[in-house]
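In the text below, chain A, chain B and the rest are named by the order of the sequence lines, each starting its count at 1.
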Amino acid sequence: MMPSSKTPKSWKIRPPVATEAPGADLSVHDVKVEIRGLNFYYGAAQALFDINTTLEDRSITAFIGPSGCGKSTLLRVLNRMYALYANQRADGEVRIDGEDILSDKVDVSELRYRVGMVFQKPTPFPMSVFDNVALGLRLAGAVRGSRLHERVEEALRDAAIWDEVKDLLHVDGRSLSGGQQQRLCIARAIAVRPEVLLLDEPTAALDPISTLRIEEMLQTLREKFCIIVVTHNLQQAARVSNVTGFMYLGQLIEIGPSSKIFTSPSNRKTDDYITGRFG
Amino acid sequence: MNRRQIRKARNGVFLALSVAATLVGLACLAAILWTLVSNGIAGLSSRVFTEMTPPPGSEGGLLNALYGSAVMTLLGICMGSPIGMLAGTYLAEYGRTSRLSTVIRFINDILLSAPSIIIGLFIYEILVVRMGHFSAIAGAVALAVIAIPVSLRTTEDMLNLVPSGMKDASAALGAYPWRTVVSVVYPAARSGIVTGLLLAIARISGETAPLLFTALNDQFWSTKLTAPMANLPVVIFQFALSPYKDWQQLAWAGALIITVTILVLSVSARIILSLMQTSGGSKS
Amino acid sequence: MAIIDSRHAARQLIYERVFRSATLAAAILVLLILGGVALSLLRGAWPALSHFGFGFVTREIWNPVTDEYGALAPIYGTVVTSLIAMLLAVPTGFGIALFLTELCPPVLKRSIGTAVELLAAVPSIIFGIWGLFVLAPLLQRHVQPWLIDHIGPIPMIGKLFQGPPFGIGVLTAGVVLAVMVLPFIAATMRDVFDTVPPMLKESGYGLGATTWEVIWHVVVPHSRVGMLGGIMLGLGRALGETMAVTFVIGNAHRISTSLLAPGTTISSSIANEFTEAVGDLYTSSLIALGLLLFLITFAVIAIAQAMLRRLERRALSPL
């Protein structure tokens, strides 16, 4: 639902739900994102072919597949990040809460405020830890003063980094360790309470311990957001997600509950990839 | 107006300002080129290339100035570029990371941006005073000193672009570094070196200040290197500041000639560089 | 087994030694040049400096007849014209760099970028004569009368815009200098903005920031050091510039509060007077001016280079 220009977007309060184990049934959650007939082009080359699927709220959907299969491309359609580049183009329908985000009527910066993104490498801004997390909120202007402090603390807690940085709020974000920087970037992304959180290979550049911390954190965040993760790491997808989609050469080959995909996938290709016959 | 609309408006204003700034910059370029071309062409005639600089109030040309500039530029490049290239070779091949190299690079970059009038004073002190009079050779040396940092920088940058695999292969055949440089690296960086040469020539052809008290000027035809020699920039300086219309017209013609020469050199350098990038590219 | 001709090998070694020494000698020559410049300026300036002492830098008087010289007017003119030039060129250059890196459609990027670089290659004497024949009359007829009538009466700032509209003067020289320095500043800032990692900018956009907000909150803080280095390098060039200002500065060894009055800079004093300077003290005073200019520009450029090197090192580190 696009906010009207008069009422600020408010955080929808939902009754807490018991944590689902990965692989729980698809039908328990509301549909958040609907993708119909999505095609994507880099110049003349087509990168995504007729993607059709739905992504549900309050769950973690992982997209896996070999390099170049289009999973990052798909992710970047969801917040129209591709629009920054002149020769990239998307065709089709992508509806978040029923509204087509690919239409010209949509305000792209508004969309990106509602759909957060975390990148492969940590990208802390050249400012203090506090300012990093607060930036999104400050730009939006809806939160000020002591409430700003509360929101920053909430985000840092949810990102499982509060205890480590609570006395370091004014140091430059770039002076943190790699794993801490990435959690800072996650805190920054969730501080604005996005409806959808996109993570593009978030632990690719991190050591195993930081990776574990972030995976644990994602499990707790699952209750608040619709989380979509692109990952190269099959074990990570199996550990973290409750829905997994397998992509190959720009097509969505199969998508379903993670428990099923990783044990008895319907499609031969999926099986080959999972068992390591190619990839 | 809500917050988001304010942000969009602010965005629009600043982006519009940046477009305006670009238009201002382009307008200045256009204005200068337009004035140069219209005034310069009015003063151009075959006489400009066949007659000497005239005394005030009479007609003439720029032949002696063109000759003088050509001679001094040529001499300056022949003296300065090889030194700059050798020094650049040292920094790129022999002393890549040594302390001395760091210092030399730093000093070189300072000389690159240093006021050229200071170089003129320097050459005045060591050559003109010694010789007792102004001379073309002093002017050429001043230009050479200005060309050295340019050549050093471009040479070092171009040599660093040569893939180290190529150099290693040559060393593996038992070649000494000098042999690798001469037989492998220089040919590989050929277009880059030519580019550097063109850029150095472009840079020194327009320099006026260093010639003001080294080569001075000469109203007549002169080929003696140990005497003052006419040159285009100083002639332009003198003629433009004078109250004589004929002289001013010649000044514009001279300015047009210098600018066209420099633009042709610069554009050629860029074309050669882009050809090198598309064909040579990342051979490893 | 490979057969090696020992005479051939010995010759190769000699060539190597010769070549290596030649390159080293050429490299050291660069250091010697700088040292030579400093020393010769010092030597040439010594008579004037020892005669006038420290007062040389603080006196305004410049009288070849009585052989009394002071550097204050040229120093003032150098600083003021450079300041005007930077005030005009830095925001404009920033705008151009911003346009080229964020807004410009790819088709135009190459040509506009090339146009800026070609403008940077134009020799400064061209800017000088353009200033004299085109800009000065323009300012004299249209801009300066307006400034004198409208800003002149205002209490504080008004003092800057008093006096008859000569056309030439400190303000005009500052404007010509600004146009000359502009392409350099624009190109340097554009190069600095190009080193910002795209992922960092996308992180900004990802929060819903507008283009300007990404530039202001992410690109500029990230490029702070590089921008400052580029500005200082531009300042170094402006301070030392001769031909662009000599034509339009008016060559008066005077300090006036009005920007519309004629003045002089260090380099234009030297350029105008050196060949006609009679007497050792006169010549030595001019060389002393040169020494001052050398010291000032050396300091500014050295600091700028140090900053730009820091940026180069950071840009090479992974992100």
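Among all heavy-atom pairs drawn from A/Thr123 and C/Ser203, the shortest one is OG1-OG, 2.5 Å.
Annotation: side chain of C/Pro106 is not in contact with side chain of A/Tyr85 (no heavy-atom distance under 4.5 Å).
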Quick one, C/Glu202 with A/Met117, criterion side-chain contact (heavy atoms from CB on, under 4.5 Å). Give me CA distance, side-chain angles, the key distance, then yes/no.
CA-CA 9 Å; C/Glu202 286 188 4; A/Met117 190 171 219; 5.6 Å; no
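The side chain to side chain donor-acceptor pair (under 3.5 Å) contacts involving residues 107-120 of chain C comprise B/Arg270-C/Thr114, B/Arg270-C/Glu117, C/Glu117-C/Arg190, where partners must be two or more places apart or lie in separate chains. Within the structure, the side chain to side chain donor-acceptor pair (under 3.5 Å) test picks out the following pairs touching residues 137-146 of chain A (sequence neighbours left out): A/Asp131-A/Arg138.
Among the candidates A/Leu198, A/Leu135, A/Val118, A/Asn87, the residue making the largest number of heavy-atom pairs closer than 4.5 Å to chain C is A/Leu135.
Residues of residues 207-217 of chain C having a heavy atom under 4.5 Å from any heavy atom of chain A, listed by number: C/Leu207, C/Gly208, C/Ala209, C/Thr210, C/Glu213, C/His217.
When the side-chain contact (heavy atoms from CB on, under 4.5 Å) test is applied to A/Arg151, the partners found at least two apart in sequence or on another chain are A/Leu137, A/Val143, A/Arg147, A/Glu154, A/Arg193.
With a threshold of 4.5 angstrom between heavy atoms, A/Arg80 does not approach chain C through any atom at all.
Going from atom OH of C/Tyr205 over to atom CZ of A/Arg112 covers 8.0 Å, rounded to the nearest 0.5 Å.
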